Visitor: 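Sharing a structure here in structure tokens format.
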2 protein chains.
Amino acid sequence: MKHEADPEDAEPSSSPQAAGGEAVLRGKATINDVARLAKVSKKTVSRVINESPFVKQKTRDAIKAVIAELGFTPDPQARALARRKGFLIGLVYDNPSPQYVVNIQRGILDALEGTDFQLVLHPCDRAKPDHVARIQSFIQQHKPFGLILPPSVSEDEPLALALNEADVDYVRIASVELDTPSRMIRTLDGDGGAAAGRHLADLGHRHIAHIHGPLSFRSTHERRAGFERALAETGLVLRPDMAVEGGYTFEGGVAAAEHLLAQSNPPQAIFAGNDEMATGAYVAVRRAGFRIPEDISIVGFDDTPIAGRLWPALTTVRLPIREMGSAAATLLLQTADGMTAKKLITFSPEIVVRGSTAAPGTR
Amino acid sequence: MKHEADPEDAEPSSSPQAAGGEAVLRGKATINDVARLAKVSKKTVSRVINESPFVKQKTRDAIKAVIAELGFTPDPQARALARRKGFLIGLVYDNPSPQYVVNIQRGILDALEGTDFQLVLHPCDRAKPDHVARIQSFIQQHKPFGLILPPSVSEDEPLALALNEADVDYVRIASVELDTPSRMIRTLDGDGGAAAGRHLADLGHRHIAHIHGPLSFRSTHERRAGFERALAETGLVLRPDMAVEGGYTFEGGVAAAEHLLAQSNPPQAIFAGNDEMATGAYVAVRRAGFRIPEDISIVGFDDTPIAGRLWPALTTVRLPIREMGSAAATLLLQTADGMTAKKLITFSPEIVVRGSTAAPGTR
DNA sequence: TTCGAAAATGTCACCGGTGTCAATCCTAAT
DNA sequence: ATTAGGATTGACACCGGTGACATTTTCGAA
């Protein structure tokens, strides 16, 4: 819709105001314009853009001045073509929780703010046999700068191996040490489980149940192990019939809780492996005619927004998801910055006590 | 990490198996390879890729065969550079609800599946004065193919004007006719409000309140207008003191509901402008000692997942958000496909009756 | 059979950068 | 003053496509 064709012959000295003022608005300036005005080769300008140390300070300053004056920004497409590497950060996920996904996204975007990188979404379905191939083809075609893999994609070892072959950097977010080494964000889910267990034990509960996630998730085991560890410290054990799977879903949580409550000696407290299942437990507990927390205490995990919106509000374990996303992106971007060493950043969860837990009542 | 340098002299006939088998795995083939093997100019290959009608059927078939054999896929970066337009679809949003955002994303991704386009996220903050400028700069730098603007960004007229100036296509998702013409996905929020009103009226409620969103959102007015229209059909009116703003947030919903319940004659039923506020109303109602739905009926809007997880489950108005996202992306992509006519797709919400509404009880 | 317009295809520069390697500039050592 | 070797800078091809326009076919009409 725009057809402003302005002559290209008069550049020697920049039009003092016009250039300064409009520069920001029209993204026309190219590396060639900068080179011409700065009276250097475009290659040198390129060096400045890429912060090559082999440019004399004086030259660098001069070029930077011109860049600023023109409001020049290098074209990501062209750069991507020339290097064989783009400016996209791919988020490869397969996570049922919108809350988790959105927070990871926010975190990544926080870190990407101000950089040239863009976040592209690449959901996948680990169940499909060609899922690794799809990701490979995505990489080949779009040459993303790097990938971020939150759980449970992060636990996919075949994928990690394939990624090592391919020409991409990636950072994984997981709750355990993974077989394939790589940079990663690690969460100590076990500590969270322990915190939950300790909280309930401290309140005086002796008869506690656990609704856990799918066995295929490493976090399931981490959380449970931490939980049992804490109980053990108080001399309690998690009876096998008091541990039920809830699939990390709301419906699964309802079913699991119903199962627990149907036992001859129902638990006084339930630690659910995530908030979704805890929410399901609320429903089952209420349907069964019990009160929360008077009759039964419930603890969740994740501190999703729903936790604060339930009534009574859910006591849960909080993981700083957004910060983790941000850390993951930061880790990914610092490739160039000196240390090539695979790095690891650890996050610990903390318990958020709200209204769904109380000392065991008289029942 | 890969250094396979294979000679470029022997291409006449492709290595029968190697090419066919590995082709998919290594993305090395370029348009030049295809051109050479098909014995045509790269430009003709380009024509085939872009489905130009000016290629003889026979030639086209031959080229397509070679493309398939080589597993060739055009490089998005190079294409983006040459045309001055990329393959990114930007989702520009400023929406507090993760649920909404994730569903829109899913819908868009559904539509993008199988295309060369990628979804990039571009959250923004309408409150910031430079927010339009930021988006402009994003467009200039990354030259996205198009943008999708869900509410409330879609209602930003200054932005729409700026976008018309810029070289981008965009599709807006909104609940009303907007001043600036453009392709859009329209939701009839008014009908949803009406459905809510009719439902409550049909149940026999005569004393009904409304918690609405911020006045700056067009949807706020649409929903309320539809609601009042339905009440009017039954001879009811929404008393001014029974309409309170809840800011579309949970906390706002709590406060608004508390305000309503504190009146000398509290309502029998509450229609909240979205599920967030409805959830807040649950809390306020319970705190005040009322039961749902026996004492007070509640209706929400949006049918977010939380609606089904509350107890009792929330009666709400459902908008097919994911489908809307998909439709928006489809609309955006069909630019080339024939009709340039600005198009409009309309979606109607439907009420989902669950456990939070019942005939007014004896109080 | 001939001719002209439409249909197909090719040529070549260019999009806006980066990689490679040669050329030039300095500065300290001889 | 001369010179070697590192510090800077430039020349030029190339990344993998597309646009504008030239050239060659093709084919029905004359």
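Throughout, a chain's letter reflects where its sequence line sits, starting with A, and its residues are numbered from 1. This is a predicted model, so every value here is computed, not measured.
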Visitor: Does the side chain of B:Thr59 get closer than 4.0 angstrom to OP1 or OP2 of C:dT9 through an N or O atom?
Guide: yes
Visitor: Report the distance from atom CZ of B:Arg79 to atom P of C:dG16, rounded to the nearest whole Å.
Guide: 18 Å
Visitor: On DNA chain C, check which nucleotide each of B:Val55 and B:Lys143 is closest to and give me the residue with the more 5' one.
Guide: B:Val55
Visitor: Would you kindly give the CG-to-P distance between A:Asp75 and D:dC15, to the nearest whole Å?
Guide: 18 Å
Visitor: If the helix axis at each end comes from five base pairs, how far does the helix from C:dT1-D:dA30 to C:dT30-D:dA1 deviate from straight, to 10°?
Guide: 50°
Visitor: For the side chain of B:Lys42, starting at C-beta, report the closest nucleotide among C:dG17, D:dT26, D:dT18.
Guide: D:dT18
Visitor: Output yes when at least one side-chain N/O atom of B:Ser41 is less than 4.0 Å from OP1 or OP2 of C:dG10, else no.
Guide: yes
Visitor: I need the B:Ser137 OG to B:His142 NE2 distance, nearest 0.5 Å.
Guide: 8.5 Å
Visitor: Taking atom CG of A:Leu109 and atom CG of A:Leu119, what is their separation to the nearest 0.5 Å?
Guide: 5.0 Å
Visitor: How many Å lie between NZ on A:Lys58 and C1' on C:dC25, as a whole number?
Guide: 13 Å
Visitor: Test side chain to side chain donor-acceptor pair (under 3.5 Å) on A:Asp94 and A:His131; report intermediate values, then the result.
Guide: CA-CA 11 Å; A:Asp94 176 17; A:His131 111 97; over 6 Å; no
Visitor: Could you state the atom-to-atom distance from CG of A:Leu81 to P of D:dA13 in whole Å?
Guide: 17 Å
Visitor: How many whole angstroms separate atom CG of A:Asn32 from atom P of D:dA11?
Guide: 13 Å
Visitor: Quick one: CZ on B:Arg47 to NZ on B:Lys56, what's the gap to the nearest 0.5 Å?
Guide: 13.5 Å
Visitor: Quick one, A:Arg126 and A:Leu159 - any side-chain contact, counting heavy atoms below 4.5 Å?
Guide: no
Visitor: My understanding is that only one of A:Gln141, A:Arg83, A:Gln77, A:Arg79 makes a side-chain contact (heavy atoms from CB on, under 4.5 Å) with B:Gln77; could you say which?
Guide: A:Gln77
Visitor: Pick base, sugar-phosphate or nothing for A:Val40, based on heavy-atom distances below 4.0 Å to the nucleic acid.
Guide: sugar-phosphate
Visitor: So, taking the atom named NE2 in A:His122 and the one named CG in A:Leu149, what distance separates them when rounded to the nearest 0.5 Å?
Guide: 11.0 Å
Visitor: Quick check: on DNA chain D, is the nucleotide nearest B:Gln77 upstream (toward 5') of the one nearest B:Lys56, or the reverse? Name the residue that is more 5'.
Guide: B:Gln77
Visitor: If you count heavy atoms of other groups shown closer than 6.0 angstrom to CD of B:Glu113, is the number above 12?
Guide: no
Visitor: Could you tell me which residues satisfy salt bridge (Lys or Arg N to Asp or Glu O under 4.0 Å) with B:Lys143, sequence neighbours excluded, listed by chain and number?
Guide: A:Asp75
Visitor: Without decimals, in angstroms, what is the distance between B:Ile31 CD1 and D:dG16 P?
Guide: 11 Å
Visitor: May I have the distance from A:His142 (atom NE2) to D:dG16 (atom P), rounded to whole angstrom?
Guide: 15 Å
Visitor: Let me know the distance between CZ of B:Phe54 and P of C:dG10, rounded to the nearest Å.
Guide: 16 Å
Visitor: Establish, from distance only, whether the side-chain atoms of A:Gln118 and B:Gln118 form a donor-acceptor pair under 3.5 Å.
Guide: no
Visitor: On the nucleotide D:dT8, are OP1 or OP2 found under 4.0 Å from the side-chain N or O atoms that A:Thr44 carries?
Guide: no
Visitor: Atom pairs, N/O to N/O, protein against nucleotides 19-21 of chain D, distance under 3.5 Å?
Guide:
{"unit_1": "D:dG19", "atom_1": "N7", "unit_2": "B:Lys43", "atom_2": "NZ", "d": "2.8"}

